[in-house]
Visitor: 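Encoded as structure tokens, here's the structure I'll be asking about.
Not measured: the values here are computed from a predicted model. Both ligands and their constituent atoms are indexed starting at 1 by order of listing.
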Amino acid sequence: MAKKRLVVLSGAGMSAESGITTFRETGGLWEQYRIEDVATPEAFQENPALVLEFYNQRRKQLEEVEPNVGHKTLARLQEKFDVQIITQNVDNLHESAGSKHILHLHGELTKVRSTKHPHLIYDIGTKAIKLGDKCDKGAQLRPHIVWFGESVPAIDDAVPLVNSADIFLVIGTSLNVYPAAGLIMYAKHEIPKFLIDPNNVEVPYGLNFNIIQKGAGEGSLELEKKIMQYV
Ligand code: APR
């Protein structure tokens, strides 16, 4: 009997309990930086060293953080479900927890790519890159991150994935940023849908989500109990 498919859309809140600040809460990452100053192609054009340093700091932070109960619960659910994770996060905590199928919509901190040949992508772990670090063809390296205003190529794979879900979970995202937030529209109407978030998240289009108003850790344990009926 094939396992039922649990599709997960995760956001910064997934990693909050691991100590990685979210984006839009008070004290969130962007509050300390103006988005325009660090996460746009224009910023990289204008002040590449600042942008490279911003991502070097976030990459380095990966050495100090661990997957939390939420990441580990999703990894454990792979025993009973075909778990497919679509994440807006650029950290590697879903991987570290043992999840196998992960689609990074907004790129990955541990990867850099050529500014001239985007197919040249390098895994650098938590190392820093600086001005003058070049790809094999001599072009400057940049974070393999989707900046504001850039396209989200992975969305083309994410849409059919959400549509293929037997169970759909949204966890730790304020659903503020498109096209990621628009993915919820592609879940089939009749399947069970859950949303885990300690705060109240405005679910657009009045979609029928079971809300678990808890943090990722506690909320995912509650979800685990609730979805055993669908095994
Ligand atoms: N557990 C679960 N969710 C939490 C927790 C927690 N412990 N703490 C906070 N949250 C929730 C917040 O209530 C909020 O709804 O996580 C969500 C975080 O929302 P954002 O900070 O907007 O992060 P996200 O939705 O991932 O942002 C989307 O915006 O800046 C861009 O590219 C960046 O991927 C990011 C995208």
Visitor: State plainly whether the residues Asp82 and Lys3 are in salt-bridge range, i.e. N to O under 4.0 Å.
Guide: no
Visitor: In ligand 1, which numbered atoms sit nearer than 4.0 Å to a non-hydrogen atom of Gly11?
Guide: 26 (O)
Visitor: Identify, by atom number and element, the atoms of ligand 1 in contact range of Phe148, meaning under 4.0 Å from any of its heavy atoms.
Guide: 30 (O), 31 (C)
Visitor: Using a strict 4.0 Å cut-off to heavy atoms of Glu17, name the atoms of ligand 1 that fall inside it.
Guide: 1 (N), 6 (C), 7 (N)
Visitor: When you compare ligand 1 with Lys214, is there at least one nitrogen or oxygen pair between them that comes in under 3.5 angstrom?
Guide: no
Visitor: Indicate, as side chain, backbone, both or neither, the part of Thr173 found under 4.0 angstrom from ligand 1 when only non-hydrogen atoms are considered.
Guide: both
Visitor: Would Phe168 end up clustered with Ile211 when hydrophobic side chains under 4.5 Å apart are linked, directly or stepwise?
Guide: yes
Visitor: Answer yes if Leu169 and Val159 sit in the same cluster of Ile, Leu, Val, Met, Phe, Trp and Tyr residues linked by side chain heavy atoms under 4.5 Å apart, and no otherwise.
Guide: no
Visitor: Cluster question for you: counting only ILVMFWY and a side-chain heavy-atom cut-off of under 4.5 Å, with indirect links fine, are Ile167 and Ile196 together?
Guide: yes
Visitor: Using the six-membered ring wherever Trp is involved, compare the ring planes of Phe44 and Trp147 and label them parallel, tilted or perpendicular (cut-offs 30° and 60°).
Guide: tilted
Visitor: Check whether any N or O atom of Asn89, backbone or side chain, sits under 3.5 Å from an N or O atom of ligand 1, and answer yes or no.
Guide: no
Visitor: Answer yes or no: is there an ion pair linking Lys111 with Glu95, defined by an N-O contact shorter than 4.0 Å?
Guide: no
Visitor: Are any of the N or O atoms of Asn176 closer than 3.5 Å to those of ligand 1?
Guide: no
Visitor: Just wondering, more than 12 heavy atoms not from Gln229 lying within 6.0 Å of its CD?
Guide: yes
Visitor: If you take the nearest heavy atom of each of Gly217, Ser174, Gly215, Ala181, which one is closest to atom 20 (P) of ligand 1?
Guide: Ser174
Visitor: Given Asp197, Ile171, Val201, identify the one with the heavy atom nearest to atom 12 (C) of ligand 1.
Guide: Asp197
Visitor: Which option out of Ala12, Ser15, Gly70 puts a heavy atom nearest to atom 23 (O) of ligand 1?
Guide: Ala12
Visitor: State whether the shortest distance between N or O atoms of Ala216 and N or O atoms of ligand 1 falls below 3.5 angstrom.
Guide: yes
Visitor: Considering only heavy atoms of Asn199, which atoms of ligand 1 have at least one such atom less than 4.0 Å away?
Guide: 12 (C), 13 (O)
Visitor: So, the side chain of Arg59 versus the backbone of Lys127: is there a donor-acceptor pair under 3.5 Å, distance only?
Guide: yes
Visitor: Select the closest option to atom 10 (N) of ligand 1 among Ala180, Ser18, Gly13, judged by heavy-atom distance.
Guide: Gly13
Visitor: Exactly one of Leu195, Val170, Asn208 should register a side-chain contact (heavy atoms from CB on, under 4.5 Å) with Val203. Which one does?
Guide: Leu195
Visitor: Tell me which part of His106 gets within contact of ligand 1: side chain, backbone, both or neither, using heavy atoms under 4.0 Å.
Guide: side chain
